[in-house]
Every structure is written in C-alpha cells, then in structure tokens.
Number of protein chains: 2
Amino acid sequence: MRRISEPTVRRLSLYLRFLEEHAARGIATISSDELAACGATTAAQVRKDLSLFGSFGKRGLGYAVPELAARLRDILGLERTYGVAVVGAGKVGSALVQYGGFTSRGFLVRWVYDIDPARIGHAWNGVRVSDARDMEVDFHEGGPDIVIVATPGDAAQGVADRLVRLGVKAILNFAPVHLVVPDDVVVKNVNMAIELEALSYALRHG
Amino acid sequence: MRRISEPTVRRLSLYLRFLEEHAARGIATISSDELAACGATTAAQVRKDLSLFGSFGKRGLGYAVPELAARLRDILGLERTYGVAVVGAGKVGSALVQYGGFTSRGFLVRWVYDIDPARIGHAWNGVRVSDARDMEVDFHEGGPDIVIVATPGDAAQGVADRLVRLGVKAILNFAPVHLVVPDDVVVKNVNMAIELEALSYALRHG
DNA sequence: GGATGTGAATGTCTTCACAGCT
DNA sequence: AGCTGTGAAGACATTCACATCC
C-alpha cells in the first residue's frame, strides 16, 4: 500500500469518529460531502483520502458506513489494544490518567510514573503511581506500546532517552520541548503554548 | 507584511522559547543551525522563516538573541496579555486552570464555567467556577480574548455558537469534534485521540 | 441522476545552492 | 572564512473537472 501522508492520517481519524457516530444511529451509507462536513475539508479531499487504499464507495450512493469504519480501524491499527504508560503525574499527567476517554478506543493506561515521593503510591483509575526509577525493571518483559511524556520541559529529554533505550517506539509528548530521538521512534507533540501563541498571532493579524 | 503560513507561525513559537532560554543564559548570538536543532527543522527553513519579516541576522555571525526574541514576541502578539475563559471544568478543564503554566506567557485565566452544580462554586488558582448560564451577563462588558472549550464533544458546538454570538474571535478546542464557526473566528484544536491514533498508524506501518 | 475515482492543474511548503555581507 | 538572505527548483498537498459506474 502506498505511503499515506500525515495530514491524511489525521483526517482518517476524524472520519472514523464521525462514521462511528453514524453507525451507532443505524445510518447505512454516507457521501463524501457529508464526511467532508465533519472534517473541515472538501468532498474531493475525502475521496482522495479514501481512494488511497482502494475503491470502497458505490457510485451514485456513497460509502457503506460500517464497512468503511472497519476498514479505517484496520488501517489506523485500532483493531488491537495498546498498553500505555504515563510518565509524570502532575497536573497534566493525572488529568490524562483520570480522564480515561481513550480506554474505549483501546489505549489502556497500565503504568504511571513520577519521581515525587508525595505522588508515588497514589492510585487513579486503579493504576498506582510508581517510582520512575522502576521503569527499567517494570518494562523488562512486556513494556508499553506508547508512552505519554507529561513531565516538566527540562526532564523530558532525559525521560525520552531512557524510553529509547528501553525499546519504546512511540511517544506522545506534552512537554514544551522538541524531543530528539532515533528515526525509528515516532513522536507526536501536544503543545498548548504553541496553540495559544498561534491564536495570539491570528488575533493580531487577519 | 506578507502573510505568514501556519507552519511558520508554529515554528516561530518554538524559536522564541529556545531564544528565551538562551537569553536567560546570557548568550548574545545564535546561528540558524542552532535554531534549527530546537525546532526539528533545517537551517534554511529557519532563515526563510525569519527573513519573512526583514533581515535581522548578521552575516558571518548569526542572530542577536534578545533582539530576535523581542521581534518574535511582537510578531506573535505576545507583548500584551490575554484574558482567557475556560468552559468545562471537568478533568481537562480543571487541569488547565490548575496548571497555570500559561500565566507567565501572558495568558490569564479569569473565568471558568461549568453546568454541573457540583463543580460550580469551587475555586482553583483563585478563579471561581461559575454557572455557564452566566457567560452572557459576565461578558457583557469586557469578555475574554480567548476561550478554551473543554466540554464533552456533544456540548462543544453549542458552546461555540454562544461564544460566536458573544463576539469571541479565538477558540482553543479540546473537545473531539470539529467546530463550525464564521470565517472571522479562529479555532485551534488539541485532540489527543487523533495524536494517539496517528501513533497507532505509525506503529503499524513504517 | 447522483456520487465515486482519478489524472491534471494549481497552490503551498521545503530544500537547494549560491550570491552577498561582515 | 562564516553565515545570512533569497531566487529557483523540488516535493508535497489540495482542488478541479470530468469520465465512470451504480
């Protein structure tokens, strides 16, 4: 299958959520126009995105909702579950663990770490906060598939280095720094400061 | 000044953070190569980005750190402060308010709203959670510059509609839905589900 | 008729390469 | 010599337009 670009992957994720809502309401087919409305894009873009992995639509009708949803789940790798570890049990980390909204989509938080003794031992959603020094031992056989880094900025690179050494291949970084990792490790960043500053820029201009 | 693209604006924000760290350490000049390292980009890209608003570098030397930082703050609109309201005082909303890491950059949370009586009346960081029905009255003279929407997905569009009616021009959306707003309102999305699914895709392929 | 699938055209962003300062 | 500034080239992404099929 051809390589799928980052923007496309993100749109697929949006389409999937929309399809699942429609599936829950028993809607059988959906057009590229309707899908475009959910994702802030155009019908042509939707068709391009979906055509990248075959012809699933029926001309004159649209796309079969449950089938397309299943196909997207497959492409995105969501037919399985992922073990997730959260490093950093401060405001952001604890909110993520307690939120639990990802569990339903197969992202299961199984480990939470911090270095602050005041936080170690607490349990949220049935997951105990462990001493960050225990990561190496804990992950020795069967570590997480994805690690969420929610430490202060100055600790994040050090954590990332340890994670790389432990064989972690996917990191979701909430720390406001750019993490340097080898090519075979993928990092996605969530940086609220950047979003706020982009809003600031947009308010000032435009 | 020419229009600056979205990716460029986001990089400027990264450069600025990096410059401020260097300024704090008393470093006077920095090269495009060094700036590139902080932002996961190339030296040529840095120069292109910075050249969009004039020649600030000195050939053979690099860029003057404090001057460039000041210029970026100006361009990004960060020489002023912004009043921020948070709508939705659940896990995400409360974490944002308590986190407080944006205060130092001029984003001041002055209002927090929810519809759940169990949450109304609590105070975090000195900001009281108010009844969401009071927004119209509260904003009547002098509302927020930026509103963070941290409600469940099904409430987000309704909130956005009210905000638009109240004249809000900038929204940071944490709800996992695409908000439909007029052209003169800018929305940035933070969607952890998309990031996790993009990681899932990356783990499955490549 | 109505909606998909897709080459071609357009637009946007990034990289290259080198002239031009200091 | 060293590093910026920038046109030109290249890569990438989106939009158009229409043939194609149900």
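In the text below, chain A, chain B and the rest are named by the order of the sequence lines, each starting its count at 1.
As rounded to whole Å, 12 Å separates atom P of D/dT6 from atom CZ of B/Phe53. In this entry the distance linking CG of A/Leu61 with P of C/dG1 reads 16 Å, nearest Å. Note: CG (A/Asp33) to P (D/dT15) measures 13 Å, nearest angstrom. Atom CD1 in B/Ile30 sits roughly 19 Å away from atom P in D/dG2 (whole-Å rounding). The nearest whole Å value for the distance from the CG atom in A/Leu52 to the C1' atom in D/dA13 is 11 Å. Between the P atom of C/dA17 and the CD atom of B/Gln45 lies a distance of 16 Å, rounded to the nearest Å.
Counting only distance, with no hydrogens or angles, the side chain of B/Ser32 and the backbone of B/Val46 share no donor-acceptor pair below 3.5 Å. Of the possible donor and acceptor atoms, none in the side chain of B/Asn125 sits under 3.5 Å from a partner among the backbone N and O of B/Val127. Although no hydrogens or angles enter the test, the distance criterion places no donor-acceptor pair under 3.5 Å between the side chain of A/Asn191 and the main chain of A/Glu195.
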Would you tabulate the nitrogen or oxygen pairs shorter than 3.5 Å linking the protein to nucleotides 5-7 of chain C?
from  : atom 1 : to      : atom 2 : distance (Å)
C/dG5 : OP1    : A/Phe56 : N      : 3.1
C/dG5 : OP1    : A/Gly57 : N      : 3.0
C/dG5 : OP2    : A/Tyr63 : OH     : 2.7
C/dG5 : O4'    : A/Arg59 : NH2    : 3.0
C/dG5 : N7     : A/Arg47 : NE     : 2.8
C/dG5 : O6     : A/Arg47 : NH2    : 2.9
C/dG7 : O6     : A/Lys48 : NZ     : 2.9

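A donor-acceptor contact under 3.5 angstrom links the side chains of B/Gln157 and B/Asp161, judged on distance only.
Of the residues in residues 6-18 of chain A, those lying under 4.0 Å from DNA chain D by heavy-atom distance are A/Pro7, A/Arg11.
A/Asp74 meets the salt bridge (Lys or Arg N to Asp or Glu O under 4.0 Å) test with A/Arg71, B/Arg204; sequence neighbours excluded.
Taking 4.0 Å as the cut-off between side-chain N and carboxylate O, A/Asp145 and A/Lys169 do not count as a salt-bridged pair. With salt bridges taken as basic N to acidic carboxylate O contacts below 4.0 Å, one links A/Arg105 and A/Glu20.
Annotation: cation-pi geometry not satisfied between A/Arg17 and A/Tyr15 (NZ/CZ under 6.0 angstrom from ring centroid, within 45° of ring axis).
Heavy-atom contacts from other residues, nucleotides or ligands closer than 6.0 Å to CZ of A/Arg133 number 12 or fewer.
Checking the phosphate oxygens (OP1, OP2) of C/dT4, a side-chain nitrogen or oxygen of A/Ser32 falls inside 4.0 Å. Taking 4.0 angstrom as the limit, B/Ser5 places none of its side-chain polar atoms (N or O) nearer than this to OP1 or OP2 of C/dT12.
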